[in-house]
Structure formats: C-alpha cells, structure tokens
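Labels below follow one simple rule: chain letters A, B, ... track the order of the sequence lines, proteins then strands, and each chain is numbered from 1.
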Amino acid sequence: MSVRVRFAPSPTGNVHIGNIRAAIFNWLFARHEGGKFLLRVEDTDLARSTKEAIDTLLECMAWLGLDYDEQVVYQSRRIERHLAVADELIRKGFAYRDNKGGGGECVIFRMPKEGRLEYTDLVKGAIRKKAEDTQDFVIVRSDGTPVFHLSNVVDDIDMEITHVIRGDDHVENTFKHIGLFKAVGAPVPHYAHLPMIVNNQGKPYSKRDGAAFVGEFKEQGYLPDALFNFLLLLGWAPGDDREVLTREEMIALFTLDRCKSSAARFDIKKLVWMNGEYIRSQPRDVFEAEFIARVRAADLSVEGTNLPGIMEHMQVRTKFYSEIPASCAYFFTEDYAFDAKGVAKRLKADGIPALLDEVAEKFAALPVFDMQTTHDVLTAMGEARNSGLGAMVHPVRVAVSGLTEGPGLFEMLALLGRDKVCARLRTVANKLRNGTL
RNA sequence: GCGCCCAUCGUCUAUCGGUUAGGACACAAGGUUUUCAUCCUUGGAAGCGGAGUUCGACUCUCCGUGGGCGCGCCA
C-alpha cells in the first residue's frame, strides 16, 4: 500500500515552527517513500480560520517548498460526514448519548474498560496503557458540533492516511483515535510522534522565546532552505556527520527510525550560522538577484558600479539579506550613514581632517589608482608619521564607507573609484572641521 | 493526584554491548587580514544517580531523580 500522509494544521494566522516541522517531516517521509503528502485545513474554528489565516498558511508552505498532492481538504465542509459517523457509532453501540456535566445531551465514545491498550510508535516504540486509565470522551458536543478527535479520525479515514506523523502532545490521544478507527472498522494507521521544540528552560518554544512563527523568520531574512535544514536537524540526523544537506539528500536519507524521541532545544545561533552558510553557497547570480532587489527596495541604484566586484566581497560576509543595503549602501550613494562609534573612535581626533585631505591629495596625484598604488600611499604616510598602516587605514575606511567593517580597504577604494574616494575624503574632512559630523 | 513519554559536551546530535565516546553550533587560542566576514590549525567540553544482567555497558532491566506531555462539550 502506498504511503499517504497529511499535514493538518488549524489556521490561526501564524504558523508555529513546531507545527511546520511536523509538515517538513511528513513531506520528507512522503517524498522518500514515493507517497502522497496531503494538506487538510482544520478550520472548524470559523472565528479564527479567516481567509487571511489560510492564505498565511499556504504562503508559508509555498515559501518552504512544501508542495502537497491532491486537493486541499477543508474540515469545515465535512461536518455532516463527521456527524453521520457519530450516528453510526451510536447505532453500533460504540457511543452513547448522555448529559455529561449537565451541559446538555452530547455523544460520548465508549473506551474499553479492561485489558491493555498498545500501539507501536515509529519514533517512540511501544506505547502501552491500561484500559482502566482511559476514559470515555465526547465526540459530539451538546450543540451538535463534532469534537476534534472525531473529525480528525474520520478525515484521516476518508483521506486514506497510512501514517500519522504529528507532535508529541498527541501521544495519549492516539489511544482514543485508535479506538475510533477500530469502531468505524477502518484500518489503523501507523503513528509517529515527534518530540517538541523547547526553549532554554525546556518548556515548549513559544513566541515569548523569540521568533516562533515561520513568517517572522522570513521577515528577518532567513532563507527558507536554511530554516528547513535547521528544523530537520532538530530531532533528526542522517547518521553520518553531514549537517548541511540538499533537499534531494534529505529526501533520500529521511527515515522515521532516525528521528529522536527527546525534545530538542531551539538554538538560534546555529540557525544564524546555517543561514550564512546557505547564503555563501548560493550561486552568484541568485545572490546577485536578491542583492539588487534589496538595494532597489531602498531606493538606491546599482547603475555605474562594479557589481561583480561588490558581489564577491559581500556574499561572503552577508549573514542575512536583511542587512542589505545597510552593510554596503556606500557603494550606491553619497548619502551613506556614519556609524557613530566608528566616527568617535576613528575620526574624532586632532589631525584627522588634515590626514584625510592629504590622502585625497595624494590619491588625486596618482598616475594609476588601484589597490597597489593606494596601498603604497598609505604605507608611505604611515611610515612618515611613524604610526603604522592601521592609523591610516581606519580613518580612511570610516570616511569613505561610514563603517568600521567591510571588504578590505584597498579593494573597497578600487571598487569606489578615485573620484568618489577623493570627494568623500574632502567632504568628511570639511564636516569634521565645521563640526557637522 | 493518576497515567504516558524522555534523559550523551552549554546547544543540536552520532553510537544500534567492546570506540582514545565522533561531528556541528557556540566558546577560547593561534594563523591569514588594515577592519569585519570567510578560510585554516588547535583547545577545553558529555554518558543524571544507584542497583542489577554480562567476560564487557552510554547502549539491556529495575528503582530513584529531573524534565516534558496528557487527564476539556480546545485543537
């Protein structure tokens, strides 16, 4: 029988990383097995399940490349079917009507009263429980609406789900669900329960712990492939020492028996590293396209600049696309920002304006303006002042870029070109003299 | 309270009875560099405790301890 799995979120407007990880594991399992990955939107809470909330869900999935097979199933359209199954269960004696708790008459499913309940979890192994430790539970409320357990199982039956891969918190619900499957006379699917993603305190990771929703990571400039890879490593490992994997490798390697059964702590530092890793390894043209888009989004133009040269130096030091263009605006505008600390440390000293003017003058007089000649100028000036190259380089860097970090100064100067460099040096010297910087 | 599950470096993990317990992130030191980043080298860093089983336990069993989850007419 071919594998059919599903991701069954209830749309709330946000997609939690723990939730999307369940989707990732389902997707990978389906792709590995050559089966189907289905999407079921559990939108029975109409108040929260707005069109926007559903769109957000779909966008997040598309962003991560979680494509699904077959039509999306909307649970809210299947209520009659759920209720019909409840009636059938009553007829067969698996459920009964009762006024439990005095809220009115509801439908209650009968759980076994003796013996042992057991199932084999593909991640956690054997899960056992004494029947006496379970209780009958409501499947249709007194207002006539079906409860989660009923809807969930009936939908899984109708969608012919073979493997239920979901969060750890459903481990005990599974006994109820298996009871339902058996009562309906449907084959019980295989179960695999994934451990939770927790915070530093070992508590379930929530929005109070930082970015917790897929949309937030997207906004903060994380690459979908980096998030995907990172989330996969929370609870799964290929068995060898590889960590950065292509989608193809993940699909080839993914099996449920390699999933861990203990909770995983969310460590943003590793995600940050991985994001940089992904950015660095992107093909140059992909990086360039994103780079240009970011620069243009800031109303800057890349016209007339040495883009290939800039790309070469920026790709290796970009950890987030969202840093662009702040990290390199000086390549594209004369109105670049100055880092206050850098100015205080490198430009606020006697003699700096004169130094900058002298550098500009010598640069202007150079027969050829390139890495070698500019380097020679600053080296000579440093020696003349007996102060070393660093004392020349740092002020010049801050003056021409506004920043204390970035590409090598001489590469930067060559990329900017003599005219801009000299103009900037003189402008900054003047601003320093008249106190406007 | 009752039930279920879990437990290897600070973190993510490898190990499926025999290893100097490996890798990655982070951290530290060094190399390269004018800065930052990259890259390279090196270093510190772990089997929760206690009983068993076994020639031999991180690995199997039990008891503790700690943590998580569940026990809704929420999903």
Checklist outcome for this item: In whole angstroms, the gap separating C1' of B/rC4 from CD of A/E118 amounts to 13 Å
Checklist entry - Say you pick atom P in B/rA28 and the same atom in B/rG66; how far apart are they, in whole Å? => result 35 Å
Checklist entry - Rounding to the closest angstrom, what is the interatomic distance between B/rC2 and B/rC63 at atom P? => result 15 Å
Next on the checklist: What I want to check is whether the side chains of A/T373 and A/D370 have a donor and an acceptor closer together than 3.5 Å.
Outcome noted: yes
Might you list the N or O atoms of the protein lying below 3.5 Å from N or O atoms in nucleotides 6-15 of chain B, with each pair's distance?
from   : atom 1 : to     : atom 2 : distance (Å)
B/rC12 : OP1    : A/R265 : N      : 2.9
B/rC12 : O2'    : A/L233 : O      : 2.8
B/rU13 : OP1    : A/G235 : N      : 2.6
B/rA14 : O3'    : A/R258 : NH2    : 3.4
B/rA14 : O2'    : A/G239 : O      : 3.4
B/rU15 : OP1    : A/R258 : NH1    : 3.4
B/rU15 : OP1    : A/R258 : NH2    : 3.2

Checklist entry - Separation of A/Y330 atom OH from B/rC36 atom P, in whole Å? => result 14 Å
Checklist outcome for this item: Of the candidates B/rC2, B/rG67, B/rC25, the side chain of A/D133 sits closest to B/rC2
Checklist entry - Can you tell me how far C1' of B/rU34 sits from CG of A/L378, to the nearest Å? => result 9 Å
Next on the checklist: Strictly by Watson-Crick or wobble contacts shorter than 3.5 Å, is anything paired with B/rU15, and which nucleotide is it?
Outcome noted: none
Checklist outcome for this item: pair_partner(B/rC71), Watson-Crick or wobble, both distances < 3.5 Å, evaluates to B/rG1
Next on the checklist: Please list all pairs meeting salt bridge (Lys or Arg N to Asp or Glu O under 4.0 Å) that have one or both residues in residues 77-88 of chain A, counting only residues at least two apart or in different chains.
Outcome noted: A/R78-A/D155, A/R78-A/D158, A/R81-A/D158, A/D87-A/R97, A/E88-A/K92
Residues 53-60 of chain A, side-chain donor-acceptor partners within the protein, below 3.5 Å, at least two apart:
from  : atom 1 : to    : atom 2 : distance (Å)
A/D55 : OD2    : A/K51 : NZ     : 2.8
A/T56 : OG1    : A/E52 : O      : 2.9

Item to check | Whole-angstrom distance between B/rU15 and B/rC60, as gauged at atom C1' | outcome: 15 Å
Checklist entry - How close or far is atom C1' of B/rG3 from atom CZ of A/R116, stated in whole angstroms? => result 12 Å
Checklist entry - What's the verdict on side chain to side chain contact (heavy atoms under 4.5 Å, CB included) for A/E172 and A/K129, showing C-alpha distance, side-chain angles and the deciding distance? => result CA-CA 9 Å; A/E172 310 223 19; A/K129 193 161 189 167; 2.3 Å; yes
Checklist entry - Listed by chain and number, what are the side-chain hydrogen bond (donor to acceptor under 3.5 Å, both in side chains) partners of A/D350, not counting sequence neighbours? => result none
Next on the checklist: Give me each pair satisfying salt bridge (Lys or Arg N to Asp or Glu O under 4.0 Å) with a member in residues 389-416 of chain A, each pair once, sequence neighbours excluded.
Outcome noted: none
Checklist outcome for this item: When both distances are under 3.5 Å in a Watson-Crick or G-U wobble arrangement, the nucleotide paired with B/rU53 is none
Next on the checklist: From CG of A/N199 over to C1' of B/rG68, roughly how many Å is that when rounded to an integer?
Outcome noted: 11 Å
Next on the checklist: Can you tell me which residue among A/F175, A/Y119, A/F148 is in a ring pair (Phe, Tyr, Trp, His ring centres under 6.0 Å) with A/H170?
Outcome noted: A/F148
Checklist outcome for this item: Residue set satisfying side-chain hydrogen bond (donor to acceptor under 3.5 Å, both in side chains) with A/R385, at least two apart, ordered chain then number -> A/E358
Item to check | Distance in angstrom units between A/L194 CG and B/rC69 C1', rounded | outcome: 14 Å
Checklist entry - How does protein reach along nucleotides 37-42 of chain B, written 5' to 3' as B (base within reach of a heavy atom under 4.0 Å), S (only sugar-phosphate), or - (no contact)? => result BS----
Checklist entry - Given the C1' atoms of B/rU20 and B/rC58, what is the spacing between them in whole Å? => result 16 Å
Checklist entry - Hey, mind stepping through A/D209 and A/K203 against salt bridge (charged side-chain N to carboxylate O under 4.0 Å, His left out) and telling me if it holds? => result CA-CA 10 Å; A/D209 301 305; A/K203 307 281 185 194; over 6 Å; no
Checklist entry - When all nucleic acid strands are considered with a 4.0 Å heavy-atom cut-off, which category describes A/R128: base, sugar-phosphate, or nothing? => result sugar-phosphate
Item to check | Where protein sits on nucleotides 70-75 of chain B, one letter per nucleotide: B base, S sugar-phosphate only, - none, heavy atoms under 4.0 Å | outcome: SS-BSB
Checklist entry - What distance, rounded to whole Å, do you find between the two P atoms, one in B/rG43 and one in B/rC25? => result 16 Å
Checklist entry - Among A/Y278, A/Y222, A/F266, which residue meets the ring pair (Phe, Tyr, Trp, His ring centres under 6.0 Å) test with A/F230? => result A/F266
Next on the checklist: Contact list please: residues 394-413 of chain A against RNA chain B, heavy atoms, distance less than 4.0 Å, in numerical order.
Outcome noted: A/H394, A/R397, A/T404, A/E405, A/G406, A/P407, A/G408, A/L409, A/F410, A/E411
Checklist entry - For B/rG66, which nucleotide in any strand shown is its Watson-Crick or wobble partner with both distances under 3.5 Å? => result B/rC6
Item to check | Whole-angstrom distance between B/rA7 and B/rU59, as gauged at atom P | outcome: 11 Å
Item to check | Protein-nucleotide distance (A/D121, atom CG; B/rC4, atom C1'), rounded to Å | outcome: 12 Å
Checklist entry - How far apart are the C-alpha atoms of A/F213 and A/H16, what are their side-chain angles, what is the distance that settles it, and do they pass the side chain to side chain contact (heavy atoms under 4.5 Å, CB included) test? => result CA-CA 4 Å; A/F213 304 122; A/H16 190 270; 4.2 Å; yes
Item to check | A/A340: side chain to side chain contact (heavy atoms under 4.5 Å, CB included) partners, not counting sequence neighbours | outcome: none
Next on the checklist: Quick one, A/T318 and A/F287 - any side-chain contact, counting heavy atoms below 4.5 Å?
Outcome noted: yes
Checklist entry - Quick one: A/I127 CD1 to B/rC69 C1', roughly how many Å, whole number? => result 11 Å
Next on the checklist: Under a 3.5 Å cut-off for both contacts, is B/rC27 paired Watson-Crick or G-U wobble with anything, and if yes, with which nucleotide?
Outcome noted: B/rG43
Item to check | Separation of the P atoms in B/rA14 and B/rU54, to the nearest angstrom | outcome: 30 Å
Checklist outcome for this item: Sorted by chain and residue number, the side chain to side chain contact (heavy atoms under 4.5 Å, CB included) partners of A/K113 (sequence neighbours excluded) come out as A/R110, A/D136
Item to check | Between B/rG30 and B/rC12 - C1' atom distance, rounded Å | outcome: 27 Å
Next on the checklist: Determine whether A/V244 and A/W273 satisfy the following criterion, side chain to side chain contact (heavy atoms under 4.5 Å, CB included), listing intermediate values before the conclusion.
Outcome noted: CA-CA 11 Å; A/V244 179; A/W273 163 77; 4.0 Å; yes
Checklist entry - Which part of the nucleic acid does A/A126 contact within heavy-atom distance under 4.0 Å: base, sugar-phosphate only, or nothing? => result sugar-phosphate
Item to check | Contacts of A/E290 that satisfy side-chain hydrogen bond (donor to acceptor under 3.5 Å, both in side chains) - sequence neighbours left out | outcome: A/R294
